[in-house]
Amino acid sequence: MTDSMARFKEVDLEEKKVLDAGTGACGMTKILEDKGAEVVSVDIERERMIDCRSQTESTDFLQADLSNMRFIESESFDHVFCKGTVSALSINKTLFVTSVLRELHRILKNGGQLTIIDYYPFEEESSPVPLDEHQVELWRLEKAVFELLGEGHLEEYSPELLKDELRSIGFGDVTHSIFRDELPWSDELLKEHEEVILENIELIEEEYLGAALKKKLRDIISSTEKKKVVSGAQYELNAKR
Ligand SMILES: C[S@@+](CC[C@H](N)C(=O)[O-])C[C@H]1O[C@@H](n2cnc3c(N)ncnc32)[C@H](O)[C@@H]1O
């Protein structure tokens, strides 16, 4: 297992044209800018970018869907970073990951690099690391609540599946490595998940269902009080156009 961010520090991005695909809470944009890259940051949600814009100096922010970036010229980027975005694609609308990967292939220069960093699916049978039962239970509950409300939710892809997709689109040198955050979930992160789940349970109209889901949530949270919740596996996938 390798520490992805430690390896990332070695990547030379000086004066490179880089796309930060999925700005989110600005986790990557500032890092890319500080490495001397000419950054374009794209997110489907405008609110996300407003806060991020105040933390950066020269980054170009665009509100757009990654599956359709017609305003970006073909073969114009040296590197695309996609951190935590692939698993978030299904939150806003049903979207085939292939349509995004094709678009990233189109905008990359020949020889350009795609880096995807994301969570490995939380499935006991396929996970490359032992999973924390509390995290899996909480994750399942969160997704079940969103399903009941008819809302989109995170959908993790296995790097093996993405690698096949990337090769069929025309990417080469496709490799991946697995890593894991060594630190357990902080109490704040646990609280954040608990609050999101609870807020959404409140929206369920059927009272008996809401009560049962709240009890399940209380049970999971009280069992995490006895021990820390450790993170699942993540992967870093690299491919060349
Ligand atoms: C977990 S956040 C990304 C985090 C960020 N890259 C980082 O490193 O901190 C995922 C982001 O992907 C964005 N996103 C999801 N689907 C998208 C799409 N089709 N087009 C553009 N952005 C999208 C979401 O709005 C969200 O801000």
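Remember, it's 1-based here, ligands and their atoms both numbered in the order they're listed.
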Discussion item. For D60, give me all partners under salt bridge (charged side-chain N to carboxylate O under 4.0 Å, His left out), at least two apart in sequence or on another chain.
Written reply: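 With neighbours one apart ignored, the set is empty.
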Any atoms of ligand 1 less than 4.0 Å from a non-hydrogen atom of [X]? List them with their elements.
{"X": "A64", "result": "20 (N), 21 (C)"}
{"X": "A88", "result": "10 (C), 15 (C), 16 (N)"}
{"X": "D65", "result": "18 (C), 19 (N), 20 (N)"}

Item to complete: Measure the shortest side-chain to side-chain distance between T29 and F61 over non-hydrogen atoms and say whether it is less than 4.5 angstrom.
Response: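 Side-chain contact under 4.5 Å: yes.
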With nothing but distance in play, are any N or O atoms of [X] less than 3.5 Å from an N or O of ligand 1?
{"X": "V42", "answer": "no"}
{"X": "K83", "answer": "yes"}
{"X": "A21", "answer": "no"}

Taking only distance into account, with no hydrogens and no angle test, what donor-acceptor pairs under 3.5 Å do side-chain atoms of residues 193-204 form with protein atoms, sequence neighbours excluded?
{"from": "H193", "atom 1": "ND1", "to": "E142", "atom 2": "OE1", "distance (Å)": "2.8"}
{"from": "E194", "atom 1": "OE1", "to": "K191", "atom 2": "NZ", "distance (Å)": "3.4"}
{"from": "N200", "atom 1": "ND2", "to": "V196", "atom 2": "O", "distance (Å)": "2.8"}

Worksheet entry | Exceeds 12 heavy-atom contacts within 6.0 angstrom, atom CD of E133 |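 Not buried by this count: 12 neighbours or fewer within 6.0 Å.
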Fill in: Neighbour count >12 (heavy atoms, 6.0 Å) for atom CD, E206
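Enclosed.
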Worksheet item: Counting heavy atoms only, which of C26, G84, C82 is nearest atom 2 (S) of ligand 1?
Response: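 Result: the heavy atom closest to atom 2 (S) of ligand 1 is in G84.
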Fill in: The one among I117, D43, L32, T29 that brings a heavy atom closest to atom 27 (O) of ligand 1
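Residue with the shortest heavy-atom distance to the ligand atom: D43.
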Worksheet entry | E103/R106 ion pair, N-O < 4.0 Å |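 Counted as a salt bridge, because a side-chain N and a carboxylate O are separated by less than 4.0 Å.
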Worksheet entry | Which segment of V100 sits under 4.0 Å of ligand 1 when only heavy atoms are counted |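 Contact part for V100 vs ligand 1: neither.
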Practice prompt. Check A64 against V42 and note the closest heavy-atom contact, atom names and distance.
Written response: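 Closest approach of A64 to V42, heavy atoms only: O-CG1, 3.6 Å.
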